[in-house]
Amino acid sequence: MTRDRRRPRSRSAARTGETRSGGGPSAAAADESAAHRIQRGYAAWARTYDWFARATASVGGVRAGCVRALDLEPGDTVVEFGCGPGVNVPALREAVGPTGRVVGVDVTGAMLDRARGLAERRGWENVAFVRGDATDPPVRSADAVLATFVTSLFSDPYAVVSDWCGLADTVVVAAFAPRGSRPANAALSAFARMNGRLFDLDADDPLERLDARTAAARRALADNAETVTEARYLFGTIAMYAGHGPVDD
């Protein structure tokens, strides 16, 4: 069960992690092509991404910083959107303890297969993985929400992150922020162009597009959370924003 620290909101449910059925579509849910684009992009290199993500999990301290910013306590429930192969799950499980719960949500079946395999090998009983679209969350409430390198994929991050703020009082996102050194920006630009279909990039400047989407996610937290803290990693090219507490109605 979640901690009793949230004021009642229109999106809350009686039980943490309860799946939704029906309901109205979110602002981004109508664009099914976005989900298909992400599925195709990540499914094609699920095995490689799994290896790369695990090999770089501790680089720059980004993931550890995100988990700290969640301010989790034993017994909490945390939902991770875009959980991929489950790279963040060990740290999240440690933070919520054996009485807590970790729910991973991803739109790509190949990623979830690898995440579930990891959970089975480790014998994790307080971890669940759900196939679903982060733009139309399949969970109703949690103590905290985490998303690392996910908001850059959305055409309307403001709407998506605002929706997440209705699920939990704490929302932490990490995203690309091309305002660092020139070499780092050059590498980020090359990465974005190589994955242009994944990020839905056209002839526009990829760094400008990524920067705009990260700024939109930050605005959503500022408009929907009482306080927002931030940190920069890897020469300033990755930003972490943490929103805590609902704004006064």
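In this chain, residues are counted from 1 in sequence order.
- For the pair Thr135/Phe154, a side-chain contact is recorded, criterion being any heavy-atom separation below 4.5 Å from C-beta on.
- Of all the heavy atoms in Ser162 and Asn224, the pair that sits closest is OG-ND2, 3.1 Å.
- Here the closest non-hydrogen pair linking Met111 and Asp106 is CB-OD1, 4.1 Å.
- Within the 3.5 Å criterion, the main-chain N or O of Leu72 finds no donor-acceptor partner in the side chain of Asp76.
- Every residue two or more places apart in sequence or in another chain was checked for a side-chain hydrogen bond (donor to acceptor under 3.5 Å, both in side chains) with Arg116, and none qualifies.
- Applying the salt bridge (Lys or Arg N to Asp or Glu O under 4.0 Å) rule to Arg93 yields no partners; only residues at least two apart in sequence or on another chain are considered.
- By the 4.5 Å heavy-atom criterion applied to side chains, Val62 and Phe149 are counted as neighbours.
- Under the 4.5 Å side-chain criterion, counting only non-hydrogen atoms from C-beta, Val79 is not in contact with Leu146.
- Taking the side chain as every heavy atom from C-beta outward, Pro138 and Val105 approach each other to under 4.5 Å.
- Side-chain atoms of Arg101 and Val103, non-hydrogen and from C-beta on, do get closer than 4.5 Å to each other.
- Formation of a donor-acceptor pair under 3.5 Å by the His244 side chain with backbone atoms of Val171 is not found in this model.
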Side-chain donor-acceptor distances from residues 80-90 under 3.5 Å, at least two apart:
residue	atom	partner	partner atom	Å
Glu80	OE2	Asn88	ND2	2.6
Asn88	OD1	Arg63	NH1	3.1
Asn88	ND2	Thr148	OG1	3.4

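- Side chains of Pro74 and Val96 form no contact here, defined as non-hydrogen atoms less than 4.5 Å apart.
- For the pair Glu230/Met240, no side-chain contact is recorded, criterion being any heavy-atom separation below 4.5 Å from C-beta on.
- Looking at Trp164, its side chain never comes within 3.5 Å of a backbone N or O of Ala159 through a donor-acceptor pair.
- In plain terms, the two heavy atoms of Thr214 and Ala175 that are nearest each other are OG1-CB, 3.5 Å.
- A 4.5 Å side-chain heavy-atom check between Val160 and Tyr158 finds every atom pair outside the cut-off.
- Under 3.5 Å, the side chains of Asp143 and Thr77 contain no donor-acceptor pair of N or O atoms.
- Atom CG of Asn126 sits about 10.5 Å away from atom CG of Leu92, to the nearest 0.5 Å.
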